[in-house]
Amino acid sequence: MLKKDSLDIIEQYKRSLAVYTIDQLRYKSHEDVWSIGQMYIHVIDVAEEYIEHIQTCTMGTQVEHGRKTEDGEKAFAEKSWPDVRVKLEEPVNRTRNPESKDEIIAGLDRVLEKLKYWNEQVHEANQTCKVRHGWFGWLNAHEWFEMIDMHSRHHLHQKARLEEKLAEANHLLNN
């Protein structure tokens, strides 16, 4: 059964889109900081990447004896991504701004559709078939499924910070 949390978090992202214009979604308070739209694109892209890992694990026949890292063990025990700001090695501008709100909605809908499909498959997967996560270590299909929820919730903190910067900019423009 699909974790209600996974659906709820994606739906929460969709609902919150209603308050933004495309210009607000694309607003960057600083060159080295993502816009809210870039954060949405990142959440969608990572969810789709993790879904590909689920597929790899479910189709895999080779057993991987690798284990989670200490951080991975802790994250899964707490069912939460560590509360740290992660600095990606790629340039901030590599994650593109969205063209439209419809693009974001379509991406979130794709993620929901894939989550619903893989939810039915993930429990049948050989749990010894794993794909390595760069930070958390070797994860099976079920763990990759959980990672989508954990990663998406993690970015709600960033979303709140970006919304504060957007509100500050709007306040300055309106005075």
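Numbers for residues simply follow the sequence, beginning at 1.
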Take Glu143 and His133, measure what side chain to side chain contact (heavy atoms under 4.5 Å, CB included) needs, and give me the verdict at the end. CA-CA 11 Å; Glu143 291 163 334; His133 183 274; over 6 Å; no
So which heavy atom on [X] is nearest to which on [Y], and how close?
{"X": "Ser152", "Y": "Ile10", "value": "OG-CD1, 4.2 Å"}
{"X": "Ser100", "Y": "Glu103", "value": "OG-N, 3.1 Å"}
{"X": "Thr58", "Y": "Ala141", "value": "CG2-CB, 3.9 Å"}
{"X": "Trp138", "Y": "Val131", "value": "CE3-C, 3.6 Å"}

Criterion side chain to side chain donor-acceptor pair (under 3.5 Å) on His142 and Glu146, from CA distance to verdict: CA-CA 6 Å; His142 187 264; Glu146 285 185 65; 3.1 Å; yes
Any chance you could lay out the side chain to side chain contact (heavy atoms under 4.5 Å, CB included) test for Met39 and Leu162, step after step, and finish with the verdict? CA-CA 9 Å; Met39 186 223 48; Leu162 295 173; 4.1 Å; yes
Is any side-chain heavy atom of [X] closer than 4.5 Å to a side-chain heavy atom of [Y]?
{"X": "Glu124", "Y": "Gln121", "answer": "no"}
{"X": "His154", "Y": "Met150", "answer": "no"}
{"X": "Lys28", "Y": "Gln38", "answer": "yes"}
{"X": "Asn97", "Y": "Trp34", "answer": "no"}
{"X": "Leu112", "Y": "Glu11", "answer": "yes"}
{"X": "Trp144", "Y": "Glu52", "answer": "no"}
{"X": "Ile36", "Y": "Gln24", "answer": "no"}
{"X": "Ser16", "Y": "Lys159", "answer": "yes"}

Are there more than 12 heavy atoms of other residues, nucleotides or ligands under 6.0 Å from atom NZ of Lys165? no
Roughly how far, to the nearest 0.5 Å, is [atom2] of [Y] from [atom1] of [X]?
{"X": "Ile148", "Y": "Leu115", "atom1": "CD1", "atom2": "CG", "answer": "5.0 Å"}
{"X": "Lys114", "Y": "Asp109", "atom1": "NZ", "atom2": "CG", "answer": "12.0 Å"}
{"X": "Ile51", "Y": "Met147", "atom1": "CD1", "atom2": "CE", "answer": "13.0 Å"}
{"X": "Arg132", "Y": "Arg67", "atom1": "CZ", "atom2": "CZ", "answer": "14.5 Å"}
{"X": "Ser80", "Y": "Lys74", "atom1": "OG", "atom2": "NZ", "answer": "9.5 Å"}
{"X": "Ser35", "Y": "His42", "atom1": "OG", "atom2": "NE2", "answer": "12.5 Å"}

Determine whether the aromatic ring centres of residues Trp81 and Phe136 are separated by less than 6.0 angstrom. yes
With Tyr13, the side-chain contact (heavy atoms from CB on, under 4.5 Å) member among Leu108, Ile105, Val111: Leu108
Is there a path from Val46 to Leu156 through hydrophobic residues (I, L, V, M, F, W, Y) whose side chains come within less than 4.5 Å of each other? yes
Linking I/L/V/M/F/W/Y whenever any side-chain heavy atoms sit under 4.5 Å apart, do Phe145 and Tyr117 land together? yes
Result for side chain to side chain donor-acceptor pair (under 3.5 Å) between Tyr20 and one of Lys101, Arg26, Glu163 points to Glu163
After noting the C-alpha distance and the side-chain angles of Asn140 and Lys130, does the key distance pass the side chain to side chain contact (heavy atoms under 4.5 Å, CB included) rule? CA-CA 4 Å; Asn140 63 36; Lys130 301 176 183 179; 4.1 Å; yes
